[in-house]
Structures are given as structure tokens and as C-alpha cells.
There are 2 protein chains.
Amino acid sequence: MARVTLKDVAEAAGVSIATVDRVLNGRAGNASRSAVRVQEAINRLGYAPSALSARVDAARRRFVFVLPSGENPFMSSLSEAVGSLSDWMTLEGAVYETVRVDVFDGAALAAALDGLERDGLAGVALVALDHPMVREAVNHLHAAGIPVVTLVSDLPGSRRARYVGIDNIAAGRTAGALMGRFMGGQGAEVAIVGGSFDLRDHVERQLGFKRVLAEEFGNVRVVDVREGRDDRETTRRAVEALLARHPDLAGIYSVGAGNAGIVEALKANGRAGKTLLIAHELTAENRAALLAGAMQAVINQDCGHEIRSAARVMRALASGTPIVAEQERIRIDVFLRENLP
Amino acid sequence: MARVTLKDVAEAAGVSIATVDRVLNGRAGNASRSAVRVQEAINRLGYAPSALSARVDAARRRFVFVLPSGENPFMSSLSEAVGSLSDWMTLEGAVYETVRVDVFDGAALAAALDGLERDGLAGVALVALDHPMVREAVNHLHAAGIPVVTLVSDLPGSRRARYVGIDNIAAGRTAGALMGRFMGGQGAEVAIVGGSFDLRDHVERQLGFKRVLAEEFGNVRVVDVREGRDDRETTRRAVEALLARHPDLAGIYSVGAGNAGIVEALKANGRAGKTLLIAHELTAENRAALLAGAMQAVINQDCGHEIRSAARVMRALASGTPIVAEQERIRIDVFLRENLP
DNA sequence: CTGTTAGCGCGTTCAT
DNA sequence: ATGAACGCGCTAACAG
């Protein structure tokens, strides 16, 4: 029952602990003769190294998350999730920090990245804005040997080591498939409301949505596309205008934030629950809309998973450990009123 | 940068390490005077105990998963997930074992529970069969001070410490809501195919499904309910019979396993993709059916999450650590062809 | 090439 | 009530 320790193996192999250690970790200077006997002893006793004890004095490494400031509830959730990393933290001997920067300001974001305290810095994760200065700042970090991970929104063409987030085209396709099915084979007119089509993820979602409708639900047509700047009031007005043109619109796919505005407009026009609404992210406002019957489905990416995945990936990159790609894929969750967590 | 250690706190407080340790863990025999100074030092330095170092010599504890044998792919996945616990294993100083027992045999399951090697046994998780002997065996373990966790299927009325799995009524409601929406407001006739309605989870799912239809989709009616014994061939015949009576059935909700049989029957009758099919568990066969367009949605419970959750819960129960209920809730996943992971 | 020694941070005696 | 000392399993540095 008692653990098999290095010492046990050493005794069994008739060598010293240090020798076993060298064989185990493939360090320099092992005689092939004793290496064999050690291996044999390891197999026989079923020795499993305790990663735990190995790190009693692990160096404390810093990992930084750079997230958008502002009141976007989704981003706030991300920030909270970083805070919840604490249990791990103690186990890993690592510390995770959050820095928040203005969302749409590429220069500010770049400056924040450049200005990060370098002491002990072992990795950076950021919600990337697609901007040349940001790209350069990321490349600087990379050049300094600090791995960078993009979160939620990718930055292709940069030296970022990895992207942690959902496949936004697939997310759009999922929304499209739901919308199509919800029409039950009948012809219908739907609209898309996005935050800003300068944002990479919004564009991709819209693309996936349209594509799946074209492929599989030919009689469901996208008749209008509007921008709401991810803002409640702007979005509300956009939807008011939309409903004025298409009074009995069958569905709306909301790509970005500001969904409270959509719900308001639907209610004001007596269309809540009639015009089907599918949106992204399980925020408090979307949850309320689902429960009230004003929204029928939410496509979600789990903040907690994303942050934990980013942490794992950064740790792996920092220590040269391999990454299990399969495990780090972020799921596209679908929530109806009935399976709200 | 360097970690704040017990020693640092001790120096700062002008006491010895042992004293700090006593204050920290609330052991007997602390002078209230120095206790205050220690607390003050802890706060000032921001000391966080390293759970890691505390366990360098942690006793190896055994946790056993008792899973159904047989070829049920879902159960096999569970079993595999236990195997993947190894990364943790090393970190926790715990070892996780799997025992597989015949599914529908209460006596055998009870015997397996009674016969578990007790040495170092710190917790048991089992997929419970609702049977008096099983209930008694669970109570025996409980009486012996070994916490028991039910997995996937609960055993109410027993001394099991906790249930780890999805809310099956909610899962059924989710399936029902999807089915209802997929009809697009048109009237429709659907059927339910279950494994066996002696199984608690199957009953609950069916209940949730019917209830949500009655509440929200009054014109979608359940016209038939069949049992397929979770077996492919039996299920196929059941569906053949079903289609004979209702040639243009609009939808089938499959509560249990054996879905390949349903797909076969649908294809044979030219109803694949026409009769909507919603089933449970993202097995290889269901994934294939989704991709082929013969199935439209899968309600899933994530094996990996369930096993890891059970492991966390058992560990917490064994060590008296509190359980974060929120974190241990198992989600009800919805998968369409578009968001397959 | 190999063994010995000295820690790592914490829990646990055992004296004081 | 308190502190010094040892041990946990492992790594790192130094001798041989």
C-alpha cells in the first residue's frame, strides 16, 4: 500500500538514489549496465514518480491575463474566472495576475503588453484586438522568450503560440442550424444583428450562420444585417428599425453583446417569443431573457474552461511539457431554458 | 517573488515555525497573545500555505469506481475516463481503480461492493442499480466509514453521500423543448423509445420530456412509447413496429442506448432525416448518426467531467474538505452536427 | 560514472 | 506554551 519510492527502487536495483534519478530523468552520465537494472526494478515495483514532492520548492512563476476593461459582462466573467484559479495556484507554485485594458484601443493594449513587469514572467494570455501595434507587442514578448496565448479572439499572423477559444465559424453554424430547425421546414425570414463587423469573431459567426442556412435550410433567408456596437441602446434602435421594415420577422441571430436592447425592442413591438432570438454568451441578461421566453437559445463558451485551458497551455509552454490538443479544445455549448446550469 | 513560507511568517512574528503551524491549523495549545501576532504577520506578508509541500509524504489512498461491465459504449467511456485520471493521481498521492460488474444483476453488484479490498480504501463510486441488496451494500460501506458516491444513476434512500450526474428530468425537458421547437409550431406526433423503464434515469427523462411538451408545445403529442432493452436489435424491431403504426411519425426521443437500431429502422423505411431523432450520449454510433443526418440532436453528459467530479467529491469526503456544490454540478450538453467536439 | 550530502516547505515528535 | 530537530520524496551540488 505504501508508495513505492525512489529509495525502494534504489535498494532493489542495488544502486543509489541519485543514480535512479539520473536514469529516470535521462540526465547525463548513466552507465548503461545499471540503467538496465534500474529500469527493471522500476517496472517490477511499479514505481510512479510523485510529481508532487518534486516541486516542494518550485520556483514561483507569474502568468498574466490581459483582458478588456469596460462593463462587458462576458469579459467580467473571464476576469472572475482568473480569480478562481487560486486552488491550482497553490498546487502549481504559480501565480496568475489580471491586467485590464481599454477594449478598442490597440495602442493602449500594445503599451500594456510592453509594460508588463518582466520579473518571473512565464507567460501572457490576452484577448487580442486585431491591430498592427498589438501584433508587434506580441512578437516582442515572443522574442523575449515569453510565450503568448490569444484568448477568445485570435491574432493570426502574429507569433502567438496558441489560440484558446471556440471556433467561431462553427459557433455561427450551430446558431444557424438551430434557427433553421426551429422553423420546422417552413419558409422564413430572419435577420442578423452584430456588434461590429470589424471584429474577427463577429464576422466569422455571421459567415457560419449564413453558410449553414444556404446549405441546409434554403427556404430560411437572411433579409437584413445590422450593427449594434455591442451597446444596448444602439442595438435597441437597430432592432426597432429592423422590425419596422419586417414586422413579422421570424428570427434574429445576435452575434455580439447588447442583447437587452434586442429584447426591449421585441417586447415593445409585441414580438417577444414570436420572433425567435438566438444569442451568444450565458450572461445574466441572456439568462433572464431565456427564462422569460424572449430568447430561445444561447450559444456559449465557458469562461472557466477557457481560463483554465489558457493557464494549462501557458504552463505547458513555459515548462516545455506537451499540450494535449484534444483536451484544450473549447466546446460550443448550447443552452435552452431547460438545461440552464 | 520568492514564496512566502512558514519560516518567513515565524521570523516576522518573532516565534517559531511550530507555533505558526498551530495557529494556522487551529491545533491545541496556542497562547492567544502570540496567536494574534502570528495572524497579523500572515496577513501582512500575504502567506498562502503550499498545499503541495504539505503532502510530500501523503498516505496513498485508494478510490474505487464500480462500473457496469458489458459493451455499453457509454460505460466504456466512463471506464476510460477513470484511466485518464492519472495526471491527478500523481499530484494527489491517490490511486483510482476500476471494477466492472454485470449491469443488471443486483446481487452481483452488492457482492462486488462487499468484496472490495478494504486496505487503504478511502471512497467508492458506483453506477447504482436500484436494488435492495445494492442499497444494503452501500449502507455497509457507509457504516465502515467509507464514503460512497453514486454516479450517473442515483440510489435514493441509501446512505450514499452524494450523487454525481445530470438531473435526468431536466435532460428530458431539454430533449422535449428541442423536439417541440423543431416542429416549428406545427402539430406533430412523436414517440418515445426507452431502454427499460425499470431504470430510474430512463423514467425521469421520459417524464421531463412529456411534461415540457404538455406545458409548452400542446400540439406535439406523444403517440407511442416502446422499450428496446438498450439493445440494438430489440430496439430496431420496436421501431419497425412503431413505424408500421405511424408511417409518417414526426419525431422519436430515444431515452436509452441501442440507437443504431433506431437509425437502421428509419433508413429501412425511408424516414432517416424525416423523422427527427433526439438521443442521449455522444457515443461513436450517435456521432455517426448525427453526421449522417439521421439524428438531429444528442443530449450528453460528459464522462470526463463526471469521473473527475466523482474523484474530487470522494477526495473531499475522505479528507473532510468542503465540497463546492456549484462546481460539481454536471452539465446537460446539447450537440448538433455543427458543434460536435 | 556514481554515491554522499544538503536542502525544499511543511507536519510531527520530543524536550524544554 | 513553545522551540529545536527530524523526516517526507525528490533534486542539485559536490566528492570520489
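Model, not experiment: these values are computed from the prediction. Numbered from 1 within each chain, the chains take letters A, B, ... in sequence-line order.
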Chemist: Write down the distance between NZ (A:K7) and P (D:dT11), rounded to a whole number of angstrom.
Modeler: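 To the nearest whole Å, that distance equals 16 Å.
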Chemist: Could you state the CD-P distance from A:E11 to D:dC10, rounded to the nearest angstrom?
Modeler: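 In whole Å, D:dC10 P and A:E11 CD are 13 Å from each other.
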Chemist: Has B:R27 got a side-chain N or O lying under 4.0 Å from the OP1 or OP2 atom of C:dT12?
Modeler: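 Result: yes.
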Chemist: Out of A:R308, A:R162, A:R312, which residue meets the side chain to side chain donor-acceptor pair (under 3.5 Å) rule with A:E328?
Modeler: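 Exactly one candidate clears the test, A:R312.
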Chemist: So which one's nearest nucleotide on DNA chain D is more toward 5', A:R22 or B:A35?
Modeler: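 The 5'-side residue here is B:A35.
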Chemist: Please check if the side chain of A:N139 supplies one atom and the backbone of A:R159 the other of a donor-acceptor pair under 3.5 Å.
Modeler: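 Confirmed, A:N139 side chain pairs with A:R159 backbone.
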Chemist: I would like to know whether A:R27 and A:D21 meet salt bridge (charged side-chain N to carboxylate O under 4.0 Å, His left out); could you show each step before the answer?
Modeler: CA-CA 8 Å; A:R27 294 187 217 291; A:D21 176 63; 3.0 Å; yes
Chemist: Would you say B:Y47 reaches C:dG9's phosphate, i.e. side-chain N/O to OP1/OP2 under 4.0 Å?
Modeler: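 Answer is no, no contact under 4.0 Å.
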Chemist: If you compare every side-chain N and O of A:S50 against the phosphate oxygens of D:dC10 (OP1, OP2), does one of them come in below 4.0 Å?
Modeler: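 False: A:S50 side-chain N/O out of range (4.0 Å or more) of D:dC10 OP1/OP2.
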Chemist: Which word best sums up how the rings of B:Y96 and B:F63 line up, parallel for under 30°, tilted for 30 to 60°, or perpendicular for over 60°?
Modeler: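 Aromatic pair B:Y96/B:F63 classed parallel.
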Chemist: With nearest nucleotides of DNA chain D determined for B:A18 and A:L24 from heavy-atom distances, which residue corresponds to the more 5′ nucleotide?
Modeler: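 Between the two, 5'-proximity favours B:A18.
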Chemist: What is the separation between atom CG on A:D8 and atom P on D:dC8, rounded to the nearest whole Å?
Modeler: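 Checked: the CG to P distance equals 11 Å.
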Chemist: Could you tell me the separation between the CG atom of A:L6 and the C1' atom of D:dA12, rounded to a whole number of Å?
Modeler: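 Those two atoms, CG and C1', are 14 Å apart.
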Chemist: Distance check: side-chain N/O of A:S53 vs OP1/OP2 of D:dT11, anything under 4.0 Å?
Modeler: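 No, no such contact exists.
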Chemist: Taking only the side-chain nitrogens and oxygens of B:T19, find out if one of them lies under 4.0 Å from OP1 or OP2 of D:dG3.
Modeler: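 Looking at the OP1 and OP2 atoms of D:dG3, one of them is under 4.0 Å from a side-chain N or O of B:T19.
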Chemist: Take atom CG of A:N25 and atom P of D:dA12, then tell me their distance rounded to the nearest Å.
Modeler: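 The distance from CG of A:N25 to P of D:dA12 comes to 8 Å, rounded to the nearest Å.
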Chemist: Hey, does A:D21 reach any base, or is it just sugar-phosphate, or nothing, if we go heavy atoms under 4.0 Å?
Modeler: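 Touches sugar-phosphate only.
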Chemist: Given C:dG3, C:dC10, D:dC10, which nucleotide is nearest the side-chain atoms of B:T5?
Modeler: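 Per side-chain heavy atoms of B:T5, the pick is C:dC10.
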Chemist: Does the B:N25 side chain pair with the main chain of B:R22, one donor and one acceptor, at a distance under 3.5 Å?
Modeler: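 Absent.
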